[in-house]
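Below is one structure; the comments refer to it alone.
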There are 2 protein chains.
Amino acid sequence: MATSTVENYVKQIYLLQPQAGPSHLVAMGELAAALAVVPGTATSMIKTLAEAGLVDYEPRAGVRLTSRGEKLALHVLRRHRLVELFLVQTLKMDWAEIHDEAEQLEHVISDRVLERIDALLGHPTVDPHGDVIPSAAGSMPRRRLVALHDLEPGTSGVVGRIADQADAFLQFIDQQELRPGRGLEVVARDTLGRMVRARLDHGREVSLGFGAAAKIEIEV
Amino acid sequence: MATSTVENYVKQIYLLQPQAGPSHLVAMGELAAALAVVPGTATSMIKTLAEAGLVDYEPRAGVRLTSRGEKLALHVLRRHRLVELFLVQTLKMDWAEIHDEAEQLEHVISDRVLERIDALLGHPTVDPHGDVIPSAAGSMPRRRLVALHDLEPGTSGVVGRIADQADAFLQFIDQQELRPGRGLEVVARDTLGRMVRARLDHGREVSLGFGAAAKIEIEV
DNA sequence: TTCAAGATTTTGACTACTCAAAATACAAAC
DNA sequence: GTTTGTATTTTGAGTAGTCAAAATCTTGAA
């Protein structure tokens with residue numbers, strides 16, 4: 001059985017993966033910082049995880065989860081998010097104090113207890129922060145995502161996925177403040193000029209060509 | 001903060017103390033067996049606990065909790081028993097499977113979460129096995145309980161505690177409808193045949209060997 | 001009083017982490 | 001093409017807990 005430490009490592013890699021470049025490799029420094037250990041510790045621990053088949057490790061480049069590693073990460077995330085919801089919903093705890101509690105509990109909740117909590121809460125799909133709760137089978141439920149350039153004006157939604165891993169494009173997305181999680185509403189769409197205009201949830205507006213908008217997937 | 005291991009040691013010493021002689025010293029061998037470690041491990045660990053002021057250690061004689069140790073033990077026991085009740089009552093888990101779960105959870109439940117659970121359950125005083133739940137302040141009322149096989153025919157009382165957490169035994173108790181709270185009257189007792197017969201408060205009668213009856217403690 | 005049996009302690013070694021600090025690789029700038 | 005700065009890896013050491021097996025006590029019987 002995986003120790004808490006192992007679970008924390010794979011979980012953290014999973015969470016950092018989206019921010020990683022097109023290689024999907026999480027840098028050692030970033031990982032170490034996120035886990036609050038010195039870089040050398042992360043290096044040696046990652047070697048152990050690689051032995052165990054949970055990650056692919058490319059020295060001096062970074063780490064990436066194997067499918068087994070990802071499965072474990074999703075399992076931990078499921079526990080974490082169900083526990084958070086449980087703390088808020090059943091135990092009426094304060095929104096702000098649940099994260100650290102869940103951080104501890106996520107490592108000792110058995111499958112049996114977890115499924116009881118899941119049932120008690122009515123098989124929820126999102127946690128209090130709006131993060132999707134992975135399914136018991138160990139996969140994230142599929143979300144219905146629509147490319148931004150396919151949305152009619154007036155439609156609103158939340159950025160769910162960026163379907164292009166190129167460095168430059170991701171930097172552009174960052175600059176435009178279009179990272180996943182950002183809410184927006186389409187205000188104009190010109191099929192002949194092949195461009196779309198959206199107002200972000202904090203008021204700012206952005207214009208994009210269809211070529212770029214096609215790669216931005218929205219949860220309507 | 002005490003590690004899980006430290007908490008387990010003090011809890012176990014607390015639980016073994018009543019069976020200890022008038023010296024109140026728990027023998028190393030017993031402690032080691034209860035914790036499923038080799039005796040040498042217990043010895044070295046106990047020295048650490050003595051350093052920390054949680055136990056008084058008399059080499060080659062045994063250990064005894066200091067008042068600080070007892071306070072910690074009661075705190076762990078409170079967590080364990082509230083969690084057990086919570087698992088049965090709120091999560092509707094099976095009587096027999098809760099002990100091991102609670103064994104894990106008792107070490108990661110914060111005071112904040114614990115008090116929420118306590119409130120949710122309505123500040124209960126006993127757990128599903130009939131064991132008294134120590135108060136938040138760390139006090140535990142002693143009850144006068146008598147083993148069922150020591151009761152004279154004609155005596156009546158209420159099942160107060162099941163002194164055996166083994167799965168199979170708990171399932172047996174369930175089948176025999178002898179859970180804590182059940183009223184009964186001893187109708188026959190055969191010291192030579194080593195068995196006892198009792199009529200339950202809903203009319204049914206059960207017969208038990210002394211071996212089993214010894215684990216059923218009655219509040220007269 | 002001596003001795004064997006049983007319990008206890010000591011010793012040495014191992015696992016799973018961790019840090020501090022020195023060594024090394026790499027990319028970017030000159 | 002060398003240098004410099006930063007990220008990464010290596011090395012050596014420490015902590016908490018554990019086991020196996022040898023050494024040592026204690027006790028009760030002969």
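Numbers restart at 1 for each chain; the letters A, B, ... are given by sequence-line order, proteins then strands. Hydrogens, waters and symmetry mates play no part in the numbers below; they use all other heavy atoms, side chains included.
Whole-Å rounding puts the B:His107 NE2 to D:dA16 C1' distance at 15 Å. In this entry the distance linking CG of B:Asn8 with C1' of D:dT18 reads 14 Å, nearest Å. The distance from atom CG of B:Leu31 to atom P of D:dG17 is 14 Å, rounded to the nearest whole Å. In this entry the distance linking CD1 of B:Ile46 with C1' of D:dT18 reads 15 Å, nearest Å.
The line from CD1 of B:Ile216 to CG of B:Leu145 is 12.5 Å long, rounded to the nearest 0.5 Å. Expressed to the nearest 0.5 Å, how far CZ of B:Arg64 lies from CD of B:Glu70 amounts to 12.0 Å. A distance of 5.0 Å separates CZ of B:Arg143 from CD of B:Glu219, quoted to the nearest 0.5 Å. Rounding to the nearest 0.5 Å gives a distance of 12.0 Å between CD of A:Gln176 and CG of A:Leu184.
B:Arg79 has a carboxylate O that lies under 4.0 Å from a charged side-chain N of B:Glu7, or vice versa, which qualifies the two as a salt bridge.
In this structure, B:His129 and B:Trp95 have tilted ring planes: the angle between them lies in the 30° to 60° band.
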Worked check of side-chain hydrogen bond (donor to acceptor under 3.5 Å, both in side chains) between B:Asp127 and B:His80 | CA-CA 9 Å; B:Asp127 80 357; B:His80 181 95; 5.8 Å; no

Protein-proximity profile, nucleotides 7-19 of chain C, B/S/- by nucleotide at the 4.0 Å heavy-atom cutoff, equals BBBB------SBB

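With sequence neighbours excluded, the residues forming a salt bridge (Lys or Arg N to Asp or Glu O under 4.0 Å) with A:Arg197 are A:Glu205, listed by chain and number.
Using five terminal pairs a side, the axes of the helix from C:dT1-D:dA30 to C:dC30-D:dG1 at its two ends make an angle of 30°, given in steps of 10 degrees.
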